[in-house]
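Taking it in order: structure first as structure tokens, then the write-up.
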There are 2 protein chains.
Amino acid sequence: MNQKSHRRGLLQAGRPSPTLEDLATAAGVSRSTASRAINGGLKVSPEAQAAVDAAIVALGYTPNRAARSLVTRRTGSVALVIPEPDARVMMDPFFAAVITGVNEALRGTDMQLVLLMSRAGDDSARTMRYLRGGHVDGAIVVSFHEADDWAETLGTTGLPTVFIGRPWAMGFGVPYVDLDNFEGGRLAARHLAATGRTRLGTVAGPADMTAAVDRLEGWMQGVREAGLPPGPVIHGDFTTAGGAEAARDLFSGSPELDGVFAASDLMALGVIDTVRGRGHKVPEDVAVVGFDNHSLLAANGLGLTTVTQPMVDMAVTAGQLLIRAIENPEEQLEPVIYPAELVVRGSTTGHCG
Amino acid sequence: MNQKSHRRGLLQAGRPSPTLEDLATAAGVSRSTASRAINGGLKVSPEAQAAVDAAIVALGYTPNRAARSLVTRRTGSVALVIPEPDARVMMDPFFAAVITGVNEALRGTDMQLVLLMSRAGDDSARTMRYLRGGHVDGAIVVSFHEADDWAETLGTTGLPTVFIGRPWAMGFGVPYVDLDNFEGGRLAARHLAATGRTRLGTVAGPADMTAAVDRLEGWMQGVREAGLPPGPVIHGDFTTAGGAEAARDLFSGSPELDGVFAASDLMALGVIDTVRGRGHKVPEDVAVVGFDNHSLLAANGLGLTTVTQPMVDMAVTAGQLLIRAIENPEEQLEPVIYPAELVVRGSTTGHCG
DNA sequence: ACCGTAGGTGGGAGCGCTCTCACCACATGG
DNA sequence: CCATGTGGTGAGAGCGCTCCCACCTACGGT
């Protein structure tokens, strides 16, 4: 099979895929001019530009990304790195929001989003290799447990990287986008105190996540500022089941609690289940504050008082930050912190004042 | 600027990422042998293989995907096409499940997942061009409203494609993975009839989606088989708010209904809200059946009777189907239909028998 | 002895693109 | 009249890789 018939064969199979050479011939210009016309059109006469434009439409030409990438050393794609893609974790609308936001930021550029999910240890090495291998122009890393490793390694490879969520290891100057989790926790405490609750406790998130730690610290500070005793703290795993279990521990140790802050809405749901299972009412007996402003729970019958987290906006910002980092590698980018806001609903003020 | 300094300059901050040539030199073999050793190692002596393996580790070598792609005409990536990426639609755990499943199927291969979200018309042309442009080896399309367009165009380009959800336009032989939506609707009707409900109605999904249409037809058949009159049908948009609104229409037309089937769990949630808003009880006055077995609602206080949809498994299957289609383009792949199962919870049998 | 045929190897030719550079017109200024 | 641009052009050299092919050895059968 010679070269020509090979090409024809592909065409027959439905892949016309004309090359730049074909384009140039059709437009009656050289390969160089065609290339220039495609990429910005500097130093191209109006006639040549028009001819090339017409030929592009006529042939349905699409530049071969691989060939272009080979010489420009740009891949036209960025990675979204999500550790631990359990179904459990994916079900969290957090990720949906991140994906939506990053995609939104990429709209208009010709960048494509490559999803990189890595499970436990061994796999993350593979992911790391992929990132270092120059297969993407940049990466957005959803900061998580092992984020320090990533930060360290990525920080030194020079691959433009933006974190969503403050990474553990700082000092690499890696920019990140985060919510003011500390203030969010503090707001929850202040709200419960302001509505007359005095015996507070919290179901915190995993101790190895910065968001969870920050929320807890803010909560403790808020409780302190309200002049209330620091209540019990139980760590959950951000899931509904985990929240319910943590709440059982919480109440078995301190049955008198009248206000609970759960570090995620899903955990708050579990807390509410537990409270009701013990024959008590929300919010009459126990007020519950969540975190995330989970869209599903907002529509739920019992409105959950919670701290808002504008995840989509945050993800958009992360995407824009990454684009800037790619286009201007020298620029030192600053972290962006979004303010936390409290949304008051029935789970704290249903029948009280 | 000479060639060498050019190389150094473009590589951000350091890493002169070694080429196959470098690898070969380090291993003391030729470029060809090194290439063979990397790709399967056929016709390579154990010594050469060992030398290359050692050099790979020593140099931290990663093949340049662009260069490889240029000659093999394989990109090592598949697209997941999701139309209409509104936050609304993304919040649906349906997509989280799809992403998780497809990713799972790709694990072990060296394929990467490229996320392609296209909004309304103009953008979908761009997406189409991308798909036809040979930037991916295959595509998984989440079948939706305009799916017929996609099916037609993709079916003729020869790009290996698998649909999730039966596409409207058939006859292109494009394989797809779907739930037995018809049977699901039928199960819902039979269950309501079996628990003594006689005045049935349904909040169906959008009339331009095959899943919604199939569920509705199955429902109608089930009602017929139970010897009950075909009740009212109102179309919703699969969201909670849409379900609530549709339910209001439903009850204002037929206040006597005692059993409602909503074509999605989120709409079922809306239906329940409406029922309660009218001062009636679920399930005593009105039994409600949903569809999806949404993980969040399962954990909810009031358990929702619903039809299970093993989305992650379905997506895994779609991924595997696509891989087969890519590796063996000639093979004619058959659609895979998953059986529907009913999960009975409190929203239909809470206090009845 | 001869010719297979097998495992193993290296050189060379591209894949489709961008980018540098030489080159051509035709202005302008001395 | 030659310098010195300046907008526009096309040939040519790669980018890093895989594949084809020529070329080695062996080793067996005839």
Side-chain angles (χ1 to χ4, degrees), chain A residues 1-4 6-7 9-10 15-52 55-56 59 61-76 110 133-135, chain B residues 1-11 15-52 56 59 61-76 110 133-135:
Chain A
M1 181 158 66
N2 68 30
Q3 205 57 37
K4 278 280 171 292
H6 178 238
R7 289 278 302 273
L10 277 177
R15 280 233 196 156
S17 202
T19 75
L20 184 58
E21 194 81 53
D22 300 338
L23 216 220
T25 308
V29 298
S30 75
R31 207 177 57 245
S32 310
T33 303
S35 176
R36 262 176 243 124
I38 289 169
N39 305 305
L42 266 79
K43 303 221 178 190
V44 177
S45 68
E47 304 85 59
Q49 181 74 53
V52 172
I56 288 177
L59 272 62
Y61 173 78
T62 321
N64 182 318
R65 235 179 162 84
R68 173 178 286 178
S69 178
L70 187 55
V71 37
T72 58
R73 293 168 168 284
R74 292 259 254 128
T75 64
D110 64 343
H135 303 310
Chain B
M1 181 157 70
N2 69 29
Q3 205 56 37
K4 277 282 173 289
S5 70
H6 177 239
R7 288 257 322 256
R8 301 270 176 249
L10 269 179
L11 289 166
R15 299 228 336 136
S17 95
T19 75
L20 184 59
E21 194 81 52
D22 301 339
L23 217 218
T25 309
V29 297
S30 76
R31 205 178 59 245
S32 310
T33 303
S35 175
R36 263 176 241 124
I38 289 168
N39 304 303
L42 266 79
K43 303 220 179 194
V44 177
S45 67
E47 304 86 60
Q49 182 74 54
V52 172
I56 288 177
L59 272 63
Y61 173 77
T62 322
N64 182 317
R65 236 181 162 84
R68 173 179 287 178
S69 178
L70 186 55
V71 37
T72 58
R73 298 172 162 282
R74 292 259 254 122
T75 64
D110 63 345
H135 303 309

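Chain letters run A, B, ... following the sequence lines, proteins first, then strands; residues in each count from 1.
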- Query: Would a distance-only check, ignoring hydrogens and angles, find a side-chain to backbone donor-acceptor pair under 3.5 Å from A:R65 to A:G76?
  - Reply: yes
- For the side chain of B:T25 and the backbone of B:E21, is there at least one donor-acceptor N/O pair under 3.5 Å apart? yes
- Give me the one residue out of A:L20, A:T75, A:I38 that meets side-chain contact (heavy atoms from CB on, under 4.5 Å) with A:R68. A:I38
- D:dG16 base to A:R73 side chain: any donor-acceptor pair below 3.5 Å? no
- Item | Protein-to-nucleotide contact annotation, 5' to 3' order, nucleotides 20-26 of chain D [B base; S sugar-phosphate only; - none; under 4.0 Å, heavy atom] | -------
- Check DNA chain D against residues 42-50 of chain B and give the residues with a non-hydrogen atom under 4.0 Å, in numerical order. none
- Task: Select base, sugar-phosphate, or nothing to describe what B:R31 touches, counting heavy atoms under 4.0 Å on all strands.
- Result: base
- Does anything in residues 36-52 of chain A pair up under salt bridge (Lys or Arg N to Asp or Glu O under 4.0 Å), and if so which pairs, sequence neighbours excluded? none
If the cut-off is 4.0 Å, is [X] near the phosphate of [N], judged by side-chain N/O to OP1 or OP2?
{"X": "A:S30", "N": "D:dG10", "answer": "yes"}
{"X": "A:Y61", "N": "C:dC17", "answer": "yes"}
{"X": "A:S35", "N": "C:dT18", "answer": "yes"}
{"X": "B:T33", "N": "C:dG10", "answer": "yes"}
{"X": "B:N64", "N": "D:dC15", "answer": "no"}

What N/O pairs connect the protein and nucleotides 22-26 of chain C at under 3.5 Å? Give each pair on its own line.
none

- Item | Atom pair distance, as rounded to whole Å: CD in B:E21 and P in D:dG16 | 10 Å
- Would you sketch DNA chain C in dot-bracket for me? Only Watson-Crick or G-U wobble pairs with both distances under 3.5 Å count, crossing pairs as [ ], other-strand pairs as |, the rest as dots. ..||||||||||||||||||||||||.|||
- Message: Test of understanding: with side-chain hydrogen bond (donor to acceptor under 3.5 Å, both in side chains), list the residues that count as partners of B:T33, not counting sequence neighbours.
- Response: B:S30
